[in-house]
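This report concerns only the one structure given below.
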Amino acid sequence: MSKRDIYHHSVRKALEKDGWVITADPLDLTIGEVELFADLGAERVIAAERNNQKIAVEIKSFVGQSPVSEFHKALGQYENYRSSLEELDPERNIWLAVPDEAWDDFFQRPFIQKAIARHNIELLVFNTNHETIVKWIK
């Protein structure tokens, strides 16, 4: 199992404030002989639609010296978790949680925007100080 990201607690609190119930911490996505763990699993009941929304969340801080290197790692994990979910829990979507500082800077670069679109990455942008979700980006 991997080490928790420095913003793990902030994202968990932000999801709970947004009405999500944390159902797994971490979420085991082990498939075959390959052990995979997304940071969080969460569910939310949508009363208006009377069905459940289920997500898996991978948290990345992007505070290291090389955000490009962190993005490479995040992209690989995101794709592996998405593949695992397709087999284990197809109703659950994977989201990549990133701090708003990273979203406002690194993620606005054209190459990164192109990679996000190409890989159809769903992003959850959170504020680390207020422990809130700033936006969901599909």
Side-chain angles (χ1 to χ4, degrees):
M1 192 176 319
S2 64
K3 187 172 84 175
R4 287 186 171 176
D5 188 89
I6 61 170
Y7 294 133
H8 185 93
H9 178 76
S10 294
V11 173
R12 183 180 173 122
K13 292 293 285 183
L15 285 167
E16 289 170 341
K17 286 180 182 178
D18 199 46
W20 292 88
V21 175
I22 304 301
T23 57
D25 184 3
L27 177 64
D28 185 353
L29 298 175
T30 299
I31 192 159
E33 297 174 353
V34 178
E35 290 185 348
L36 301 171
F37 295 93
D39 289 316
L40 294 170
E43 291 185 35
R44 179 166 62 180
V45 175
I46 303 170
E49 296 180 11
R50 295 184 188 271
N51 61 5
N52 290 352
Q53 231 180 349
K54 295 167 60 177
I55 61 173
V57 179
E58 179 61 18
I59 305 161
K60 291 295 174 202
S61 62
F62 290 92
V63 295
Q65 291 189 343
S66 175
V68 172
S69 179
E70 287 192 48
F71 184 69
H72 290 165
K73 183 177 177 183
L75 182 59
Q77 286 178 306
Y78 187 90
E79 291 293 344
N80 287 336
Y81 298 163
R82 180 165 39 199
S83 293
S84 181
L85 283 171
E86 286 173 1
E87 192 165 325
L88 297 174
D89 193 353
E91 294 179 3
R92 190 181 300 269
N93 293 338
I94 181 77
W95 290 80
L96 178 62
V98 300
D100 53 357
E101 296 93 356
W103 171 254
D104 292 341
D105 182 18
F106 177 73
F107 279 85
Q108 297 309 308
R109 298 175 187 179
F111 179 80
I112 302 304
Q113 287 286 313
K114 187 175 178 179
I116 291 168
R118 181 182 188 128
H119 293 278
N120 199 23
I121 299 172
E122 295 181 324
L123 293 165
L124 180 172
V125 180
F126 62 94
N127 180 282
T128 57
N129 294 326
H130 301 289
E131 297 180 332
T132 56
I133 295 171
V134 176
K135 63 176 89 175
W136 298 85
I137 302 168
K138 277 192 153 189

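One is the number of the first residue; the rest follow in order along the sequence. Worth saying up front: this structure is predicted, and the values here are computed from it rather than measured.
Taking CD of Glu101 as the start and CZ of Phe106 as the end, the distance is 14.5 Å to the nearest 0.5 Å. The CD atom of Gln113 lies 5.0 Å from the CD atom of Gln108; values are rounded to the nearest 0.5 Å. We find the CG-CH2 distance between Leu123 and Trp95 to be 8.0 Å, quoted to the nearest 0.5 Å. In this structure, Leu27 CG and Glu58 CD are separated by 10.5 Å, a value rounded to the nearest 0.5 Å. For the atom pair OH (Tyr78) and CG (Asn80), the distance works out to 12.5 Å, reported to the nearest 0.5 Å. In this structure, Leu96 CG and Lys60 NZ are separated by 8.0 Å, a value rounded to the nearest 0.5 Å.
Side chain of Lys17 to backbone of His130: a donor-acceptor contact under 3.5 angstrom is found. When atom types are taken as modelled, the side chain of Ser84 and the backbone of Leu29 share a donor-acceptor pair closer than 3.5 angstrom. The main-chain N or O of Tyr7 is found under 3.5 Å from a side-chain atom of Asp5 such that the two form a donor-acceptor pair. Between the side chain of Asp100 and the main chain of Trp103, no donor-acceptor pair closer than 3.5 Å is present. Within the 3.5 Å criterion, the main-chain N or O of Val134 finds no donor-acceptor partner in the side chain of Asn127.
Side-chain contact between Phe111 and Val68 is absent, with no heavy-atom pair separated by less than 4.5 Å. Between His8 and Asp25, some side-chain heavy-atom pair lies under the 4.5 Å cut-off. Between Asn52 and Glu91 there is no side-chain heavy-atom pair separated by less than 4.5 Å. Between Thr132 and Phe126 there is no side-chain heavy-atom pair separated by less than 4.5 Å.
Just one of Ile94, Leu40, Leu15 meets the side-chain contact (heavy atoms from CB on, under 4.5 Å) condition when paired with Ile55; it is Leu15.
Nearest approach of Ala38 to Pro26, heavy atoms of both residues: O-CB, 3.2 Å. For the pair Leu88 and Thr30, the tightest heavy-atom approach, listed with the atom from each and the gap, is CD1-O, 3.5 Å. The shortest heavy-atom contact between Leu85 and Ala56 is CD1-CB, 3.9 Å.
Under the salt bridge (charged side-chain N to carboxylate O under 4.0 Å, His left out) criterion, Glu16 pairs with Arg12, not counting sequence neighbours. In terms of the side-chain contact (heavy atoms from CB on, under 4.5 Å) criterion, residue partners of Asp105 (sequence neighbours excluded) are, by chain and number, Arg109.
Within the structure, every pair that satisfies the salt bridge (Lys or Arg N to Asp or Glu O under 4.0 Å) test and touches residues 62-90, not counting sequence neighbours, is listed here: Lys54-Asp89, Glu79-Arg82, Asp89-Arg92.
Aromatic ring orientation, Phe71 versus Phe62: tilted (interplanar angle from 30° to 60°).
Aromatic ring centres of Phe37 and Tyr81: separated by at least 6.0 Å.
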